[in-house]
Chemist: 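I am attaching a structure below and will ask some questions about it afterwards.
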Number of protein chains: 2
Amino acid sequence: MGGFAMYLCRQKTLKMRVISRLGEYGLRALMYMAAHKSDTGYFNIRVMSQELDISFHFLTKILQGLTQRGLLQSYRGPNGGIGFLVPPDQITLATVVKALEGDDFFQNCLLGLPGCGERQPCPMHVFWTALRESLQTEFETTTLDDLGTQTLERHLRLKA
Amino acid sequence: MGGFAMYLCRQKTLKMRVISRLGEYGLRALMYMAAHKSDTGYFNIRVMSQELDISFHFLTKILQGLTQRGLLQSYRGPNGGIGFLVPPDQITLATVVKALEGDDFFQNCLLGLPGCGERQPCPMHVFWTALRESLQTEFETTTLDDLGTQTLERHLRLKA
DNA sequence: TATATTTAAGATAAAACACTCTTAAATATT
DNA sequence: AATATTTAAGAGTGTTTTATCTTAAATATA
């Protein structure tokens, strides 16, 4: 592993996780794909798994799911791989996260305090709602292309 | 279960969880204690577990941990229970969450994107940092007393 | 057609998380 | 002193998450 991938490398312990490992791996792979334009449009999963230090089979399964949900397309056999079905500048983070974590991702209270709803808001509800909404807005307005490009550019700038 | 406790009742499915069940249960119990002043200063764990619909043994273990960390004190035997060692108006949410989830709770990237740090910020780092800091600030400025009182008052207001 | 390559799919395993149960220790009451 | 009550502590169980392994299906190339 090296180059750009160091940027997306594994983080062993993590508190305050909002997305699961599955979601994290999926997002990292998509960011990788968005940042590395491919000639054929397809990326080899094994190479990606090595670059990103993610289990090959696990990553395969995650990307499989994104294929089934219509975000990616796959191609078997030699020189096969996985690529965007929808161009990455048309895929928002919100779409990705919902595909990976479930459609109700943005619907719940960030903290997990029960009874937190519009009808009977918990003490922190207003705060949480504001926080979640800014999160959701950010996710809905940021595309994979934005993220991948920004990441790559920043990395290159640091390197120079 | 009824009355105030309905407010702290269990929520079965939850996405976007930031704190674990253990943290949630602990926080709910502390909010309960902060809102219900006790004559003796001690609360019976079994009663609390029933009111909050949390497993008695599990809750006992969680509160045990808070006792060991110096937030609570316990008293065995008849009419025994668990109570605040530090008064709840001097316990911030930040202290509680750190005690329950670990001291490094606020140190990591909310999303879990790796490589997200001051030195080599990931594309979302600025956004995440802002989000996390407002979260942390809110947690550091809100005491258990604030939360419990607010909750109770709001509940009573709705009831009237 | 035979072989190698690559993703798909399903079964299995390991680890983390969320409880559950049993026994021990402390305290109060009789 | 005996008994009941309540938390402390540790072992054990079930579930979910995470990861791995094996086999199948598709595709390209020789």
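Chain letters run A, B, ... following the sequence lines, proteins first and then strands; every chain starts at 1.
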Chemist: In whole Å, I'd like the distance from the CG atom of Asn44(B) to the P atom of dT5(D).
Modeler: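 Going from Asn44(B) (CG) to dT5(D) (P), I get 12 Å.
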Chemist: Would you mind building the protein contact string for nucleotides 21-30 of chain D? One character per nucleotide, 5' to 3', B for base within reach (heavy atoms under 4.0 Å), S for sugar-phosphate only, - for untouched.
Modeler: BB--BBBS--
Chemist: Does anything in residues 51-73 of chain B form a ring-ring contact (aromatic ring centres under 6.0 Å, His included)? List the pairs, not counting sequence neighbours.
Modeler: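 ring-ring contact (aromatic ring centres under 6.0 Å, His included) check on residues 51-73 of chain B returns Tyr25(B)-Phe58(B).
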Chemist: Below 4.0 angstrom from OP1 or OP2 of dA8(D), is there any side-chain N or O of Ser74(B)?
Modeler: yes
Chemist: Does any residue of residues 63-73 of chain A have a heavy atom under 4.0 Å from DNA chain D, and if so, which ones, in number order?
Modeler: none
Chemist: Just how far, in rounded Å, is P of dG10(D) from CD1 of Ile62(B)?
Modeler: 17 Å
Chemist: Send over the distance from Glu24(A) CD to dT18(D) P, rounded to a whole Å.
Modeler: 10 Å
Chemist: If I take atom CG in residue Leu59(B) and atom P in nucleotide dA8(D), what distance separates them, rounded to the nearest angstrom?
Modeler: 11 Å
Chemist: Could you tell me how far apart Met48(B) (CE) and dT7(D) (C1') are, to the nearest whole angstrom?
Modeler: 11 Å
Chemist: What is the separation between atom CD1 on Ile54(A) and atom P on dT17(D), rounded to the nearest whole Å?
Modeler: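 Distance check: Ile54(A) CD1 to dT17(D) P gives 19 Å.
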Chemist: Measuring to OP1 and OP2 of dC19(C), would you say a side-chain N or O of Ser55(B) lies under 4.0 angstrom away?
Modeler: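 Answer no for this pair, as no side-chain N or O of Ser55(B) is under 4.0 Å from OP1 or OP2.
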Chemist: How are the rings of Tyr32(B) and Phe43(B) set relative to one another: parallel (under 30°), tilted (30 to 60°) or perpendicular (over 60°)?
Modeler: perpendicular
Chemist: So Tyr42(A), base contact, sugar-phosphate only, or nothing? Heavy-atom distance under 4.0 Å.
Modeler: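 The answer is nothing, as Tyr42(A) stays clear of every strand by at least 4.0 Å.
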